[in-house]
Amino acid sequence: MKLDQLWPVIQNRICRKCVDGDGTGLCRLPAGEECPLKHFLPEIVQSVTAVDSPDIRDYVTALRKTVCANCDFQTPDLFCGKRSKLECALDRYFPLVVEIIETVKNNGKKIAV
């Protein structure tokens, strides 16, 4: 899966509607802060493609192990202040991210998760 082809799809489907965006797909996060969707895209794709399940919780478990475990906002005891305040775009839009990646992976055939 080519990340440079996946990112525009994510921008079109998610970033345009994101509460941290400007309505056109551009981020309005504070200076020095990068959207976790973009920052962790390779790891996100890796975690999603490693799962084959009809249960979104299995994808979330993989996300926590692969991405959240390497995020500066998660503490060693697995607490994430951003996630708990719904300030993490990745966590907020993760079901849609899974849908996009699974659709791209399956050549445009939408897979229900």
Side-chain angles (χ1 to χ4, degrees):
M1 181 173 311
K2 295 184 178 185
L3 299 180
D4 60 335
Q5 293 176 336
L6 182 61
W7 180 244
V9 176
I10 289 173
Q11 278 186 301
N12 186 47
R13 298 260 328 267
I14 297 174
C15 299
R16 289 183 322 121
K17 300 172 187 170
C18 181
V19 297
D20 296 321
D22 67 356
T24 67
L26 299 175
C27 269
R28 293 182 302 168
L29 289 171
E33 191 173 328
E34 186 177 19
C35 176
L37 287 169
K38 188 170 187 176
H39 182 77
F40 289 110
L41 188 58
E43 293 88 349
I44 295 166
V45 170
Q46 176 187 358
S47 70
V48 170
T49 57
V51 175
D52 183 19
S53 173
D55 191 339
I56 190 67
R57 292 174 293 192
D58 294 330
Y59 290 90
V60 171
T61 298
L63 175 76
R64 299 287 182 255
K65 289 179 183 175
T66 307
V67 178
C68 298
N70 294 304
C71 180
D72 292 337
F73 293 105
Q74 182 167 288
T75 62
D77 65 352
L78 307 180
F79 175 77
C80 176
K82 287 235 181 231
R83 195 168 57 232
S84 70
K85 295 177 188 174
L86 302 175
E87 293 177 354
C88 176
L90 173 55
D91 198 65
R92 197 179 321 133
Y93 300 110
F94 189 60
L96 186 52
V97 171
V98 171
E99 179 185 310
I100 292 167
I101 293 170
E102 288 292 347
T103 300
V104 170
K105 182 176 96 174
N106 292 295
N107 298 316
K109 296 176 185 166
K110 188 173 179 179
I111 304 298
V113 178

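The figures here come from the full heavy-atom set of this structure, side chains too, leaving out hydrogens, waters and symmetry mates. Counting from 1, the numbers follow the sequence of the chain as shown.
Taking the side chain as every heavy atom from C-beta outward, Leu63 and Leu90 approach each other to under 4.5 Å. At a threshold of 4.5 Å between non-hydrogen side-chain atoms, the residues Leu78 and Gln74 count as touching.
In this structure, a donor-acceptor pair under 3.5 Å is present between the side chains of Asp22 and Thr24.
Between Asp55 and Arg57 there is a salt bridge, since a side-chain N of the basic residue sits under 4.0 Å from a carboxylate O of the acidic one.
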Which pairs of donor and acceptor atoms, one on a side chain in residues 28-37, lie under 3.5 Å apart (sequence neighbours left out)?
{"residue": "Arg28", "atom": "NE", "partner": "Gly21", "partner atom": "O", "Å": "2.7"}
{"residue": "Arg28", "atom": "NH2", "partner": "Gly21", "partner atom": "O", "Å": "2.7"}
{"residue": "Glu33", "atom": "OE2", "partner": "Lys82", "partner atom": "NZ", "Å": "2.8"}
{"residue": "Glu34", "atom": "OE1", "partner": "His39", "partner atom": "ND1", "Å": "2.9"}

Distance-only criterion, 3.5 Å: show the donor-acceptor pairs between side-chain atoms of residues 65-72 and protein atoms not counting sequence neighbours.
{"residue": "Thr66", "atom": "OG1", "partner": "Ala62", "partner atom": "O", "Å": "3.0"}
{"residue": "Asn70", "atom": "ND2", "partner": "Thr66", "partner atom": "O", "Å": "2.9"}

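The structure places CD1 of Ile14 at 9.0 Å from CD of Glu99, a figure rounded to the nearest 0.5 Å. Remark: Ile100 CD1 to Tyr93 OH distance equals 11.5 Å, nearest 0.5 Å. Atom CD1 of Ile10 sits about 14.0 Å away from atom CZ of Arg16, to the nearest 0.5 Å. Considering CG of Asp52 and OH of Tyr59, their distance stands at 6.0 Å, rounded to 0.5 Å. Taking CD of Gln11 as the reference point, atom CG of Leu26 lies at 7.5 Å (rounded to 0.5 Å).
Hydrophobic clustering places Phe40 together with Ile56 (ILVMFWY residues linked when any side-chain heavy atoms are closer than 4.5 Å, directly or through intermediates).
Residues Pro8 and Asp4 approach most closely at CD-O, 3.1 Å, considering heavy atoms. Closest of all the heavy-atom pairs between Val60 and Phe94 is N-CE2, 3.8 Å.
Every pair passing salt bridge (Lys or Arg N to Asp or Glu O under 4.0 Å) that includes a residue from residues 84-97 is listed here, sequence neighbours excluded: Asp20-Arg92, Arg64-Asp91.
Screening Val98, Ile101, Leu3 for a side-chain contact (heavy atoms from CB on, under 4.5 Å) involving Ile44 leaves a single residue, Ile101.
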